[in-house]
2 protein chains.
Amino acid sequence: MSGKEKVTIYDISKKLNVSAATVSRALNQNPKISVKTRELVAKTAAEMNYKQNRLAQALKSGRTNNIGVIVPYINRSFFSSVIRGIEEELRPHGYHVIICQSHEEVSNEVEQINTLLNTQIDCIFMSVSKTTQNSDHIKKVLEENTPLVFFDRKMEVPGVSSVVIDDFKAGFMVTEHLIKQGCTRIAHLSGESNLEIYKYRHEGYCAALEKYGLDYVPEYVIKANSKIESGIEAVTQLWDLELKPDAIFAAGDYVALGAIQELRDRNIKIPEEVCVAGFSNEPFTKYMELPITSIDQTPQLMGKIAAQVFLEQVKQNQTITIEKKVVLPPELFVRDSSDRGLK
Amino acid sequence: MSGKEKVTIYDISKKLNVSAATVSRALNQNPKISVKTRELVAKTAAEMNYKQNRLAQALKSGRTNNIGVIVPYINRSFFSSVIRGIEEELRPHGYHVIICQSHEEVSNEVEQINTLLNTQIDCIFMSVSKTTQNSDHIKKVLEENTPLVFFDRKMEVPGVSSVVIDDFKAGFMVTEHLIKQGCTRIAHLSGESNLEIYKYRHEGYCAALEKYGLDYVPEYVIKANSKIESGIEAVTQLWDLELKPDAIFAAGDYVALGAIQELRDRNIKIPEEVCVAGFSNEPFTKYMELPITSIDQTPQLMGKIAAQVFLEQVKQNQTITIEKKVVLPPELFVRDSSDRGLK
DNA sequence: TTGTAGGCGTTATCAA
DNA sequence: TTGATAACGCCTACAA
């Protein structure tokens, strides 16, 4: 019952009195085969409900048509959107996407990389964890000649491609926007880790201050950890200062949200007294009664492009590794939390 | 340079002057092997940087240790959370998770199932698309003897396990809560598709009305399509009625949000004049200035349990298929959008 | 155009 | 306890 013995090319070859090789060739559109045979094989294969075994193919060819994606958490809006982009770009080419979570721990990252390599994936896409400091495990990937593409959170490793947004520019844009709303004492709630992205956002912030002749006030720059509570704390801390800020640029939307909650608790009017902007364009930012200004990182596009970088690489001769760095433009969405109607 | 010729058990066997079979046994903790050999092999394997080839193993054993998950869209908060649950439960057992998106189209669903089966995954987890009507493609999975577990959106197919929340109860709970807030004219914005989940939520709604002696008013039940616009439209339509509702139970959070936006545009006070509740506990619901009452479906737990159902099945003798139906309790989160302080 | 044979890396069976 | 061998399903030189 159920039966379902797997049909192989041998079964087809027996039925047709040809060799398995012929069947294989017919199935693979090999030109050296008569049209008649090809059609006959195709028809019979369909009748017998033949399914090619990708595993055997993979073992033979060394290519699995599986790619791995490593992200901190798969259910963060940003990451799942990138993955969606990767999946949609790669599926038409026959690839399957395997997902792994690092939980922001390097140790997991290392382990995931190892099991992915064992499994013979054709490429690894990853956003490094906050705790990742050195790139030894990354180098292992390269040694195996497995293509690797960083997205968003990258590391500087020679030979590795990456797709990111221009975080410097994004930081600059937000800050400039706040300045144009008339703000002059702009606080920056930065990321607490040493990820490049936070560094660049901060640098963009500094550059904007400088361009518009505003002083950099060290007390206005606070490390925050992407949580709501962290935004609340930061405001508490900032409002202990003599000269309070009149704007807050948070490097993450949850931090911005926390800041807004605390400001509101203190009956501070937004955006009249204080303008607030976040980062990432989390879905909730636009649904609030007071929608929050934020930077969109075009995650789905980012995934799409990362996939394209890989596909290009595959098209090349296997041995040549190309290193491509793509920097996408950020998009600023000005919303009520910082919109005083000025340009 | 790069070198990286793959190390196989043959390389180890040559170096050690033993057979490949011995190496294989040593590596697999086969009891019929001397401790000495085992250790020697282990040490040498490590030195030579040997990595077992999961592909070859898979071809031999018929088990890939890969499982497939099919969802409408991977970047919906609910689905990515379920996937997270599945991944975290299965990874310790050595499984990798392959993700597929149906984009709410049966045709894609069919295709994904086929490629997953070709790829020899060990199990398929899925939430059917809205357009899925019959279960022919599902039956194919069973014919291949591949375990299948539905989560959230299931179909009635004999032999298939499923993990869902009690949508009937959820619908009942929400409606009862609204009634206890003093509402007597409760509208229900249902799903537009014929998915079981919407049917049950609606039935729960009906049951609550009946229990509390409220009439079922057909005009108060409107099909809506999970979008914000749909909520706006529904309210527009409802407020054309002579007797307007004093509560709205939407079967989705986005619809609830749309309803709230429209009510606010009409200067209708929430929850004083109209109570509103949604469904799914999307992240944004709790972040709003007016947080939205909603039902939490415990997606991560749902994924975890779905994975457990599969693991149990694997533990059994392969040939026996068990059909397990798990129904999880929904959790009602009462928030300001419907909280009049009554119990 | 088609067939034969060997191999991708493992593991399981049967001998030794 | 260990070794030789076949097999998983497919592809591809090489021969015919």
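Numbers restart at 1 for each chain; the letters A, B, ... are given by sequence-line order, proteins then strands. Note that the structure is predicted; figures quoted are calculated from it, not measured.
- Against DNA chain C, the stretch residues 23-33 of chain A makes heavy-atom approaches under 4.0 Å through A:R25, A:K32, A:I33.
- B:I9 places its CD1 atom 13 Å from the P atom of D:dA4, with the value rounded to the nearest Å.
- Among the heavy atoms of the strands, none lies under 4.0 Å from B:N118.
- Note on B:T8: every side-chain N or O is 4.0 Å or more away from OP1 and OP2 of C:dG9.
- B:S61 has no side-chain polar atom (N or O) that falls below the 4.0 Å cut-off from OP1 or OP2 of C:dT11.
- Spacing between atom NZ of B:K6 and atom P of C:dG9 amounts to 8 Å, rounded to whole angstrom units.
- Checking each of A:Q101, A:E111, A:Q112 against B:R91 for a side chain to side chain donor-acceptor pair (under 3.5 Å) leaves exactly one that passes, namely A:Q112.
- OP1 or OP2 of D:dT2 lies within a sub-4.0 Å distance of a side-chain N or O belonging to B:S34.
- Nearest heavy-atom pair, B:C100 versus A:E87, reported as atom, atom and distance to 0.1 Å: CA-OE2, 4.1 Å.
- The A:A21 side chain lies nearest to C:dT4 when the options are D:dT5, C:dT4, C:dT10.
- A donor atom on one side chain and an acceptor atom on the other are found under 3.5 Å apart for A:E109 and A:T132.
- The CD atom of B:Q52 sits 18 Å away from the P atom of C:dC8 (whole-angstrom rounding).
- Across all strands shown, B:K36 has no heavy atoms under 4.0 Å from either base or sugar-phosphate atoms.
- For the pair B:Y10 and A:Y10, both in contact range of DNA chain D, the more 5′-proximal nearest nucleotide belongs to B:Y10.
- The CZ-P distance, from B:R63 to C:dA12, rounds to 11 Å in whole Å.
- Test B:T64, B:T115, B:T119, B:N118 against A:R54 for side chain to side chain donor-acceptor pair (under 3.5 Å) and you get one pass: B:T119.
- Rounded to whole Å, the distance from CG on B:L40 to P on D:dT2 is 10 Å.
- Note: CZ (A:R38) to P (C:dT1) measures 9 Å, nearest angstrom.
- Between the side chain of A:N66 and the backbone N or O of A:I121, no donor-acceptor pair lies under 3.5 Å.
- Following rounding to the nearest Å, B:L59 (CG) and D:dA7 (P) show an atom-to-atom distance of 14 Å.
- Regarding B:N53, its CG atom lies at a distance of 17 Å from the P atom of D:dC10, rounded to whole Å.
- Judged purely by atom type and a 3.5 angstrom limit, B:S161 uses its side chain to pair as donor or acceptor with the backbone of B:K324.
- Counting only distance, with no hydrogens or angles, the side chain of B:S81 and the backbone of B:S77 share a donor-acceptor pair below 3.5 Å.
- Remark: A:T22 is not in phosphate contact with C:dT1, judged by side-chain N or O atoms under 4.0 Å from OP1 or OP2.
- Counting heavy-atom neighbours within 6.0 Å of A:K154 NZ, excluding the residue itself, gives a total above 12.
- Checking D:dG9, C:dG3, C:dT2 against every side-chain atom of A:K60, the shortest atom distance belongs to D:dG9.
- When the nucleotides C:dT10, D:dG9, D:dG3 are ranked by their closest atom to the side chain of B:Q57, C:dT10 comes out on top.
- Close to C:dT10, at under 4.0 Å from its OP1 or OP2, lies a side-chain N or O of B:Y50.
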